[in-house]
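Both ligands and their constituent atoms are indexed starting at 1 by order of listing. Sequential numbering from 1 along the given sequence is applied to the chain's residues. Keep in mind that what you see is a predicted model, and the values were worked out from it rather than measured.
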Amino acid sequence: MALVAGVDTSTQSCKVVIRDAATGALVREGSARHPDGTEVDPQAWWAALQEAAAAAGGLDDVEAVSVGGQQHGMVCLDETGAVVRPALLWNDTRSAAAADNLVSEAGPDGARYWADTTGTVPVASITAAKLRWLAENEPDNAARTAAVCLPHDWLSWRLAGHGPGSGAEGLAALATDRSDASGTGYWSPATGRYLPEVLEQTLGHVPVLPRVLGPLEAGGRTPAGALIGPGAGDNAAAALGVAAGVGDVVVSVGTSGTVFAVTADRTADASGLVAGFADATGHFLPLTATLNAARVLDATAALLGVDLPGLTRLALGAPAGAGGLILVPYFEGERTPNLPEATGSLHGITLANYTPSNLARAAMEGVACSLADGLAAVTALGIEARRVILVGGAARSEALQQAVSSVFGLPVTVPQPGEYVADGAARQAAAVLTGEWPAWHDGASAVVSAAPAPSVLARYRQAAGNPTLPALR
Ligand SMILES: Nc1ncnc2c1ncn2[C@@H]1O[C@H](COP(=O)(O)OP(=O)(O)O)[C@@H](O)[C@H]1O
Ligand SMILES: O=C(CO)[C@@H](O)[C@H](O)COP(=O)(O)O
């Protein structure tokens, strides 16, 4: 039996699944925590990968491995291959002004220019904005930066035996895939090429960049001989994990809240709401991402002194609309809509509705409403949502499943709880090994259908100050 491994190096943790390449059966799995914070030494990801792999029984017997990972994180390497400074993650907002400047420097129609050139209007999350921040605030570090890569590229490179001391030859071995390259802001989904002019404009010089591998192209081998697949951004890997096709909209509720679809054509949304990413198969992945999702539930559970199943129980005990309580979940600023300085807020409090149960429900509905704004932005581009698939750590919560279904006014498909990103990476590893996408049997999924509650989204949008966002359709 040939085994393949899939890795998810996500914001909060590293997960490893080992599957039978032929059938997709889960053989072993493991996970390990990442440090908190929006600035992280990549070495912590490497340590977590080794811990998670050991918990999964090791990688020595796998024939191929692929890494899916949190997108956009800026990993700068010097000419020896050492990390220049801790990585700035996708949810670090210090680069917000740099992003605004990149848009305004492109002229009065700067947003249109960026959408057409890179697929995406830069916000703080986009790697190009982080490089501009580095050049302006840490010029010595910018000057020392000989190569720039992303979290999944860096871990794939470490798996191939490269690291500090690898030098120019090591840097030349860096590799990525088109889904993660498309989140950098210096790669064109239209041409499939990097944009050196953006690197000059942001970092001040053109560093070594990872080679962009084809969907089934191996980037090297581990010292034990396993093929290393191209890997993917975590959302593109999740699309592989749930075998999303045209007509499916995937909603992921992890640290980020994302809404994305697999499409045959690329998008270029100058409103900036929808990022025009590529997927891991040769198609495209229009996507909205929020900064505030599962952690809003974590914070609300901590405030109420309950665990996450306890928060779900409380929320299930409240009516739709939480008795009028509305939580706008912009706890860490927000990316969609682009409000990096925003804070969260609680609206509609009365003596009658101010209960733990309503607060738990309002947290679930607030997250669901911000995702509904994402769905509205995606469907406003003409992308159909024939099926909504809910994934991510918080998809385990029945209360969240119901809140998403009632706010969206749609049935929601919930696959069996699992590690969809790592599963997608494992599927890619099997494809790299055999030369074709495997026809793995997908596990059973449930369909959750709650009574539609359109007034919840309307009241949320008033409270959030976004009453003119596109309507849900
Ligand atoms: N039973 C549950 N109910 C609600 N949320 C849950 C539950 N189990 C896990 N989670 C959420 O899952 C989140 C982690 O999701 P995950 O997709 O692994 O995040 P990331 O990919 O960003 O690291 C935690 O913040 C936690 O809130
Ligand atoms: O920034 C984005 C997508 O553009 C995020 O989706 C990150 O990719 C982090 O993902 P999670 O760790 O929340 O899954």
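- A donor atom on one side chain and an acceptor atom on the other are not found under 3.5 Å apart for Asn292 and Thr290.
- A donor-acceptor contact under 3.5 angstrom links the side chains of Thr11 and Trp90, judged on distance only.
- Contact detail for Ala315 and Met364: the closest heavy-atom pair is CB-CG, 3.9 Å.
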Inset, instruction - List the steps and the verdict of ring pair (Phe, Tyr, Trp, His ring centres under 6.0 Å) for Phe277 and His283. - result: CA-CA 9 Å; Phe277 294 158; His283 292 107; over 10 Å; no

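- Heavy-atom contacts of Phe277 reach the following atoms of ligand 2: 4 (O) (cutoff under 4.0 Å).
- Between Ser256 and ligand 1, no N or O atom pair is found at a separation short of 3.5 Å.
- Checked by distance only, ligand 1 and Asp8 stay at 3.5 Å or farther apart across all their nitrogen or oxygen atoms.
- The shortest N/O to N/O separation between Ser10 and ligand 1 falls below 3.5 Å.
- Of the heavy atoms in Arg335, only side-chain atoms (C-beta onward) come closer than 4.0 Å to ligand 2.
- Evaluated by nearest non-hydrogen atom to atom 7 (C) of ligand 2, the leading choice among Gln71, His72, His34 is Gln71.
- For a threshold of 3.5 Å applied to N or O pairs, the pair formed by Leu297 and ligand 1 contains no separation below that value.
- With ligand atoms numbered from 1 in the order given, ligand 2 contributes 9 (C), 11 (P), 12 (O), 13 (O) to contacts under 4.0 Å with heavy atoms of Thr11.
- The distance criterion of under 3.5 Å between nitrogen or oxygen atoms is not met by Arg295 with respect to ligand 1.
- Proximity annotation for atom 13 (O) of ligand 2: of Ser256, Gly73, Ser125, Ser256 comes nearest, heavy atoms only.
- Given atom 14 (C) of ligand 1, the protein heavy atom at minimum distance is Gln12 NE2, 3.8 Å.
- Checked by atom type, the side-chain pair Ser179/Asp279 shows no donor-acceptor distance below 3.5 Å.
- The environment of CZ in Arg266 is sparse: at most 12 heavy-atom neighbours from other residues, nucleotides or ligands sit within 6.0 Å.
- Within the 4.0 Å heavy-atom shell around ligand 2 one does not find Gln12.
- For atom 27 (O) of ligand 1, the closest non-hydrogen atom of the protein is Asp298 OD1, 2.4 Å.
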Which atom pairs, one a donor and one an acceptor, fall under 3.5 Å between side chains of residues 298-311 and the rest of the protein, sequence neighbours left out?
residue : atom : partner : partner atom : Å
Thr300  : OG1  : Val296  : O            : 2.7
Asp307  : OD1  : Gly310  : N            : 2.8

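- Between Trp90 and ligand 2, not a single N/O pair is under 3.5 Å apart.
- For ligand 1, the atoms lying closer than 4.0 Å to a non-hydrogen atom of Ser397 are 3 (N), 4 (C).
- Listed for the His34 side chain is no donor-acceptor partner under 3.5 Å among the backbone atoms of Val40.
- Neither the backbone nor the side chain of Val421 comes within contact range of ligand 2; no heavy atom lies under 4.0 Å.
- Close approach to Lys15 involves these atoms of ligand 1, each under 4.0 Å from a residue heavy atom: 16 (P), 18 (O), 21 (O).
- Closest to atom 8 (O) of ligand 2, if we only count protein heavy atoms, is Asp234 OD1, 2.7 Å.
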Inset, instruction - Would you please test Val447 and Val412 for side chain to side chain contact (heavy atoms under 4.5 Å, CB included) and show each step? - result: CA-CA 6 Å; Val447 177; Val412 170; over 6 Å; no

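- Counting the atoms of ligand 1 from 1 in the order shown, those under 4.0 Å from a heavy atom of Thr255 are 19 (O), 20 (P), 22 (O), 23 (O).
- Because its NZ or CZ atom is not both nearer than 6.0 Å to the ring centre of Tyr330 and within 45° of the ring axis, Arg335 does not count as a cation-pi partner of that residue.
- Annotation: atom 13 (C) of ligand 1 to nearest protein heavy atom, Ala294 CB, 3.6 Å.
- Among protein heavy atoms, the minimum distance from atom 9 (C) of ligand 1 is reached at Gly393 O, 3.4 Å.
- The distance criterion of under 3.5 Å between nitrogen or oxygen atoms is not met by Thr312 with respect to ligand 1.
- Remark: side-chain polar atoms of Thr127 are paired, donor with acceptor, to backbone N or O of His72 under 3.5 angstrom.
- Atoms of ligand 2 found under 4.0 Å from any heavy atom of Leu287 (numbered from 1 in listed order, with element): 4 (O).
- Contact annotation for Thr255 and ligand 2: heavy atoms of both the backbone and the side chain come within less than 4.0 Å of the ligand.
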